[in-house]
Every structure is written in structure tokens, then in C-alpha cells.
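Accompanying notes for the structure given below.
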Amino acid sequence: MGLQSFDLNGKVALVTGGSRGIGKAIALELSKAGATVAITYASSSAAADEVVKTIVEAGGKAIAYQANAIDFAKATEVVEDVVKQFGQLDILVNNAGITQDNLILRMTEEQWDSVIQTNLKSVFNYSKAAIRPMMRQRKGSIINMSSIIGITGNAGQTNYAASKAGMIAFSKSLAKELASRNIRVNSIAPGYITTDMTDKLDEKTLEGIKSATPLGRPGEPDDIANAVIFLASDASSFITGETIKVDGGMAI
Ligand code: NAP
């Protein structure tokens, strides 16, 4: 079959949490690769509009939806609207996520629930909605934004680590369910990436992270977007149920 390309012309992608950080980079790169891109966001409407504007000004097609990822009914509504507007859905990137760090002794029930709901339930919501059009098309790629914390664990992040490990197990299970329909489901496990999410970390923690990263630099959102393009494209057509670490070697 020869070497496959990363060309996404004619494909339609949906990225949750596409207004900032990693999700924004993914949306922009998917568009550069040729895809029509829909993004969701929780509250940053100006930032989301800016992402759409950037894509449209470069000649691409994009749309933004304000949609809290924990809302099951809204996820179905968004996916149905994407299919109505653009005729299909080929790529789903479950990227929306938050941290609410605390040691278990201090962690509140609200902190536990909001991280599990935002990071994990959202993946159920959007995957369940997206597989309908993907099954009709007999093709699709679902990409779940996990974290190396979901593999290694981290003190102060029991809620986040559990949500991210849950995403990996969810991906493997869904990959087995949907392989016969030619829908692939994979995860990406980023290490430390420079975004608003990691902006909150203090200098000492940052230094520790850098020295624990063999490649010696923090990751950039584009490092993750590159892996997404690979998993979204036919270049990865024999890969499903996999987790790709993009972490500068941190979790070796
Ligand atoms: P970020 O800069 O904080 O951006 C988060 C994005 O998710 C924003 O677009 C935000 O929308 C959206 N979002 C948050 N809660 C949402 C909700 N309830 N419903 C819909 N959208 C919601 O985070 P990031 O660093 O880019 O992280 C993106 C993903 O990568 C997350 O899943 C994160 O866990 C994962 N990750 C990040 C790192 C890292 O080092 N940065 C490492 C490993 C994994 P608004 O703009 O409206 O708030």
C-alpha cells in the first residue's frame, strides 16, 4: 500500500477544549493538514473565536461551540451539529481537561468529582456521540489526551492521575469494541507542556521537571499536535489501543 501521508484534506475533526494550549495547537495543525475543524470550550469565547478566525483567514473551515464537556446531552448536540454543518465526522480529539491538585487528606469531594467528570466523563460523552457518524462512515480516529501522570502517578494528583489512567483503559476497551468498524482509538500521554495549565507551577517544581526530562526542554503544544496529526491520519492506520508518550523521555 506504500507510504501513507499525513494529508487530512476532506476530513472533519472535533477537538474538545480547543480554545487554548494544546487543544488550540491541535486545531491549528489539523487545519493546516487540510481538515475542517470544530472546537469546543468552557468559557473562553474570545480565545475560541480567535482560533476560528486564524483558521478561516488562512483559508480553512472552522466553527466553535461553547459546551461544557461534562454535559452529556450537549455533547450529542455538538456532534449532531458538526455532522449537519460539514456532512461527516472523521476525527475526535478528547482534549478538554483540568487539574485540581491536593494531597488526599485535603482533597475535597468537589475536587475529586470535577476532575473525574471533566477529564473522564467527557471522554464517554463525546466518544459515544461521535461513534454514530463514524460507524456509518465505517472509518474514524478517536484520540484521547491522557498524561504521563496516568502512567506514573504523582503525589497530590490522585484525582488527575485516576482520570488520565481511566482514559487509557477506556481507549483500549473502545479500540477492541470498534476495531471491526474500522474506528481506531488511541491515547497520547504528554509530559510537561508549556500552557496555562502548567503556568501555575512554581519555579522549583519547574526546575525539577526540566532536570527529569532527558531531552532537556519543556514540551510545546506543537509537539503534541504533531502526534495527533499522525494518529488522525492514514499513516497510523494499523495502530489502535496504543498510548504514545510525548514527554521528552521523562517516563522512560
Ligand atoms: P489548558 O491550557 O488549561 O486548556 C484547557 C482547555 O480545555 C481549554 O480550551 C479549556 O476551555 C478547555 N476546558 C477545560 N474545562 C472544560 C470543560 N469543562 N468543558 C469544555 N472545555 C473545557 O490545558 P492544556 O495544558 O492545553 O491541556 C490540554 C489537555 O492536555 C488536558 O486534558 C490536560 O490534562 C492534558 N495534558 C496537559 C499537560 C501539560 O503539561 N500542559 C500534560 C499532560 C496532559 P476554556 O478556555 O473555555 O477554559
Side-chain angles (χ1 to χ4, degrees), residues 14-29 37-52 64-75 77-79 92-101 110-111 113-126 129 143-154 157 159-168 170-171 187-201 205-206 208-210 212-213 217-225 227-228 243-248 250-251:
L14 171 60
V15 183
T16 67
S19 51
R20 295 184 285 119
I22 292 171
K24 176 182 177 178
I26 292 169
L28 297 178
E29 290 307 314
V37 182
I39 61 168
T40 70
Y41 62 96
S43 55
S44 307
S45 55
D49 289 347
E50 197 55 39
V51 173
V52 170
Y65 298 90
Q66 179 171 28
N68 191 325
I70 72 176
D71 186 336
F72 178 78
K74 187 74 186 173
E77 216 180 275
V78 167
V79 168
L92 168 66
V93 186
N94 283 308
N95 167 79
I98 56 166
T99 52
Q100 291 268 321
D101 299 351
E110 288 70 31
Q111 287 178 319
D113 285 345
S114 69
V115 168
I116 297 296
Q117 296 248 337
T118 308
N119 297 4
L120 187 56
K121 182 173 184 250
S122 60
V123 178
F124 167 75
N125 294 345
Y126 279 85
I143 300 156
N144 293 323
M145 203 53 64
S146 180
S147 166
I148 54 160
I149 301 303
I151 298 170
T152 64
N154 195 24
Q157 290 196 306
N159 52 358
Y160 185 77
S163 73
K164 295 299 178 180
M167 288 174 84
I168 292 173
F170 176 95
S171 302
S187 306
I188 294 176
Y192 172 82
I193 310 296
T194 309
T195 68
D196 293 342
M197 181 179 272
T198 45
D199 230 18
K200 300 178 225 162
L201 300 179
T205 313
L206 282 183
I209 289 168
K210 249 188 240 168
T213 306
R217 66 166 176 89
E220 295 300 325
D222 277 353
D223 290 313
I224 306 304
V228 169
T243 304
I244 300 184
K245 285 186 277 176
V246 184
D247 67 345
M250 196 185 220

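Values below: every heavy atom of this structure, side chains too, minus hydrogens, waters and symmetry copies. Counting convention: from 1, in listed order, for ligands and their atoms alike. The first residue in the sequence is number 1, and the count goes up from there. Owing to the predicted nature of the structure, the values given are computational and were not obtained by experimental measurement.
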Heavy-atom contact check, 4.0 Å cutoff: does [X] meet ligand 1?
{"X": "T118", "answer": "yes"}
{"X": "A48", "answer": "no"}
{"X": "A189", "answer": "no"}

Within the structure, does [X] bring an N/O atom to less than 3.5 angstrom of an N/O atom in ligand 1?
{"X": "Y41", "result": "no"}
{"X": "S43", "result": "yes"}
{"X": "A42", "result": "yes"}

Margin query: Counting only heavy atoms closer than 4.0 Å, does ligand 1 sit against the backbone of K164, its side chain, both, or neither?
Written below: side chain

Note to self: Below a 4.0 angstrom heavy-atom separation, can you tell me which part of S122, side chain or backbone, both or neither, approaches ligand 1?
What the structure shows: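 For S122, there is no contact with ligand 1 at all, from either part.
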
Next item on the list: May I ask you to identify the nearest protein heavy atom to atom 34 (O) of ligand 1, giving residue, atom name and distance to one decimal place in Å?
Entry: Y160 OH, 2.6 Å

Margin query: For atom 9 (O) of ligand 1, what's the nearest protein heavy-atom neighbour? Residue, atom name and distance, please.
Written below: S19 OG, 2.7 Å

Quick one: which of [options] has a heavy atom closest to [atom]?
{"atom": "atom 39 (C) of ligand 1", "options": "V51, I193, I188, N125", "value": "I193"}
{"atom": "atom 24 (P) of ligand 1", "options": "D196, I98, T195", "value": "T195"}
{"atom": "atom 5 (C) of ligand 1", "options": "G21, G97, G23", "value": "G97"}
{"atom": "atom 20 (C) of ligand 1", "options": "A67, G17, P218", "value": "A67"}

Next item on the list: Check whether any side-chain N or O of D247 sits under 3.5 Å from a backbone N or O of P190 as a donor-acceptor pair, and report yes or no.
Entry: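 Checking the backbone N and O of P190 against the side chain of D247, no donor-acceptor pair under 3.5 Å is found.
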
Notebook entry, point to check: Are K24 and D196 ion-paired here, with the side-chain N under 4.0 Å from a carboxylate O?
Noted result: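 Judged by the 4.0 Å cut-off on N to carboxylate O distance, K24 and D196 do not form a salt bridge.
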
